[in-house]
Chemist: 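The following block contains the structure, expressed as structure tokens.
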Amino acid sequence: MTEINRKEQDEYAIKVKELLSELYPERIPLAFVHSYGCQQNVSDGEKIKGMLSDCGYGFCTSPEEADIVIYNTCAVREHAEARVFGNVGALVHVKKRNKGMIIGLCGCMVQQEEITERIKKSYPFVDLIFGTHMLPALPSLLYKKIVSQKRVIDISEVSGEFHEGIRKIRDFSFKGYVPIMNGCDNFCTYCIVPYVRGREKSRRSEEILKECRALIEGGAKEIMLLGQHVNSYGKNLEENINFSALLRKINEIEGDFRIRFMTSHPKDATKELIDTIRDCDKVCNQLHLPVQSGSDGILKRMNRHYTYESYLELINYAKKEIPDISFSSDIIVGFPDELREDFEKTLELIREVGYDMLFTFIYSKRKGTPAAEMPDSISDSEKSARLRELLAVQTEISAENNRKKVGKTLKVLIDSEGKKGEGYLSGRSEQNIIVEFRGDKELIGSFREVEITKAHSFALEGVLKKG
Ligand code: 5AD
Ligand code: SF4
């Protein structure tokens with residue numbers, strides 16, 4: 001196993017900067033970084049940008065203008081991988097025009113050896129490949145690439161604790177992603193994540209609190225705590241702490257801000273967690289609790305360690321303790337040999353819970369996972385039909401939930417201009433529902449009260465309250 005030393009990496013960043021000033025004497029070289037997939041990846045992308053900035057790069061908004069392109073990839077479904085291959089393939093023409101351009105691939109996809117082999121063979125113009133563990137070593141890898149003029153590939157595993165000390169360049173000033181752990185030990189049978197992100201590593205609470213405090217002092221209004229499985233937070237740390245205790249500590253930080261987190265695994269989401277959400281005023285009354293399926297048989301074959309009943313028991317406890325709580329979930333449709341009756345249990349569950357939002361996926365076979373070896377007699381067209389059916393049912397549920405909000409006043413964090421056109425703003429309620437209303441762009445990044453006047457299936461409309 002490799003060890004990565006931050007001080008050494010910072011020194012490499014300075015060396016790269018020197019090399020770049022010789023290569024680009026008249027201008028600042030530009031970088032384009034794109035992260036696919038989950039928020040964890042987006043958060044890693046912020047670290048990549050921080051390290052590239054330390055290496056002397058500025059940033060641009062398209063690969064065509066860039067001197068270095070980094071695609072931070074996702075391996076969770078085949079579709080995500082196909083998109084990366086498509087986008088990387090398109091760079092061949094860009095590189096013909098800008099011969100000195102560096103193309104780098106990192107993230108979950110390249111942590112799989114057969115993918116790295118495929119890139120080596122079929123994409124000779126890719127210069128830099130580094131796995132999820134090697135991300136903090138970007139400055140030294142880049143240095144090696146520039147000096148040797150040869151392709152650099154490193155997907156080795158890294159020893160030690162959660163890697164600290166990387167400066168981030170964040171996409172937003174008013175909301176911040178804060179990783180609290182990395183990796184996953186659960187091995188759900190469909191999922192590639194434990195193989196590509198490695199074992200769970202929690203981050204020391206002191207470091208997390210330091211980052212949260214700095215964000216809030218810098219004006220952040222929302223903190224999103226990130227981990228593949230936040231409920232296991234603290235298990236491998238020397239300090240005696242769990243996720244609920246961490247939430248309580250962050251909640252004590254002074255200021256007007258919200259706390260969200262993802263993702264929770266139902267097998268370890270406890271009543272203690274619900275009580276913590278109830279008690280902590282800054283923790284949003286919202287829970288993303290991916291159930292994946294409503295069928296006990298499928299859940300068992302997915303290795304999820306909970307049942308329809310136990311999941312619902314927690315949901316009902318949360319509804320009792322926090323009446324305005326909102327739920328969202330991930331659902332996989334078409335797991336190997338999912339029968340119609342299994343799928344119907346999923347429909348029954350989503351009606352019973354009454355989610356505000358569902359993230360729905362058709363099962364995607366991931367080589368090397370146990371589910372990839374399971375027999376499957378369900379056709380692709382049947383899977384697609386079920387997905388459409390599920391979406392139709394969920395659209396009704398969301399619309400019904402949203403109708404109940406008309407007439408209420410919600411506190412909204414305004415995050416962008418609205419989709420409805422000029423003069424509109426968009427934000428999120430505490431329950432994470434999109435709210436659109438008329439207002440001045442200057443308000444982006446602040447909290448405002450909005451009176452809800454109209455409900456759509458997946459968004460609300462309203463009027464900004466004075467003051
Ligand atoms: N196929 C389809 N969806 C998947 N997910 C994870 N692995 C797969 C797969 N092989 C979904 C799960 C998870 C979300 C992040 O992605 O629903 O919660
Ligand atoms: Fe994948 Fe399951 Fe771990 Fe989530 S908990 S990352 S679905 S293995």
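Numbering of residues begins at 1 and proceeds along the displayed sequence. Counting convention: from 1, in listed order, for ligands and their atoms alike.
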Chemist: Identify, by atom number and element, the atoms of ligand 1 in contact range of V76, meaning under 4.0 Å from any of its heavy atoms.
Modeler: 6 (C), 7 (N), 8 (C), 9 (C), 10 (N)
Chemist: For the pair E81 and R366, find out whether any cationic side-chain nitrogen is under 4.0 Å from an anionic carboxylate oxygen.
Modeler: yes
Chemist: Among all protein non-hydrogen atoms, which one is nearest to atom 12 (C) of ligand 1, and what is the separation to 0.1 Å?
Modeler: Q292 OE1, 3.4 Å
Chemist: Regarding D54 and R167, does a basic nitrogen lie under 4.0 Å from an acidic carboxylate oxygen?
Modeler: yes
Chemist: With the threshold set at 4.0 Å, does a side-chain nitrogen-carboxylate oxygen contact exist between D275 and R278?
Modeler: yes
Chemist: Starting from atom 14 (C) of ligand 1, locate the nearest protein heavy atom and write down its residue, its atom name and how far away it is, to 0.1 Å.
Modeler: D330 OD2, 3.4 Å
Chemist: Salt bridge check, K249 against E252: does any charged N sit closer than 4.0 Å to a carboxylate O?
Modeler: no
Chemist: I'd like to check which ligand 2 atoms, numbered from 1 as shown, lie under 4.0 Å from a non-hydrogen atom of R304.
Modeler: 2 (Fe), 7 (S)
Chemist: Under 4.0 Å from a heavy atom of I332: which atoms of ligand 1 are those, numbered in the order shown and with their elements?
Modeler: 3 (N), 4 (C), 5 (N), 12 (C), 17 (O)
Chemist: Could D376 and K383 be called an ion pair, given the rule that one side-chain N must be under 4.0 Å from one carboxylate O?
Modeler: yes
Chemist: Using a 4.0 Å cut-off to any heavy atom of R366, which atoms of ligand 1 qualify?
Modeler: 10 (N)
Chemist: Does atom CG of D256 have more than 12 heavy-atom neighbours, drawn from other residues, nucleotides or ligands, at distances under 6.0 Å?
Modeler: yes
Chemist: Between the side chains of K210 and E206, is the shortest nitrogen-to-carboxylate-oxygen separation below 4.0 Å, so that they form an ion pair?
Modeler: no
Chemist: Around atom CD of E344, are there more than 12 heavy atoms of other residues, nucleotides or ligands at under 6.0 Å?
Modeler: yes
Chemist: Among protein heavy atoms, which sits nearest to atom 7 (N) of ligand 1, and what does the distance come to when rounded to 0.1 Å?
Modeler: Y190 CD1, 3.3 Å
Chemist: Please could you name the atoms of ligand 2 that H265 approaches to less than 4.0 Å, counting only its heavy atoms?
Modeler: 5 (S)
Chemist: What pairs of residues pass the salt bridge (charged side-chain N to carboxylate O under 4.0 Å, His left out) test when at least one of them lies in residues 183-203, not counting sequence neighbours?
Modeler: D44-R197, E164-R203, D185-R199, R203-E211
Chemist: Assess the pair H288 and F359: is the distance between their ring centroids shorter than 6.0 Å?
Modeler: yes
Chemist: Under 2.8 Å from atom 1 (Fe) of ligand 2, how many protein N, O or S atoms can be found?
Modeler: 1
Chemist: Give the atoms of ligand 1, by number and element, whose distance to some non-hydrogen atom of Y363 is under 4.0 Å.
Modeler: 1 (N), 2 (C)
Chemist: With a heavy-atom distance limit of 4.0 Å, tell me whether R197 approaches ligand 2 through its side chain, its backbone, both, or neither.
Modeler: neither
Chemist: Step by step, would you call L273 with K271 a side chain to side chain contact (heavy atoms under 4.5 Å, CB included)?
Modeler: CA-CA 5 Å; L273 174 69; K271 290 185 175 166; over 6 Å; no
Chemist: So, does I362 sit close enough to ligand 1 that a heavy atom of it is under 4.0 Å from the ligand?
Modeler: yes
Chemist: Out of A371, S364, C74, whose heavy atom is nearest to atom 9 (C) of ligand 1?
Modeler: S364
Chemist: Show the numbers, then the answer: is there a side chain to side chain contact (heavy atoms under 4.5 Å, CB included) between N402 and H456?
Modeler: CA-CA 7 Å; N402 280 349; H456 300 278; 5.7 Å; no
Chemist: Which option wins on minimum heavy-atom distance to atom 16 (O) of ligand 1: Q40, E78, R77, Q228?
Modeler: R77
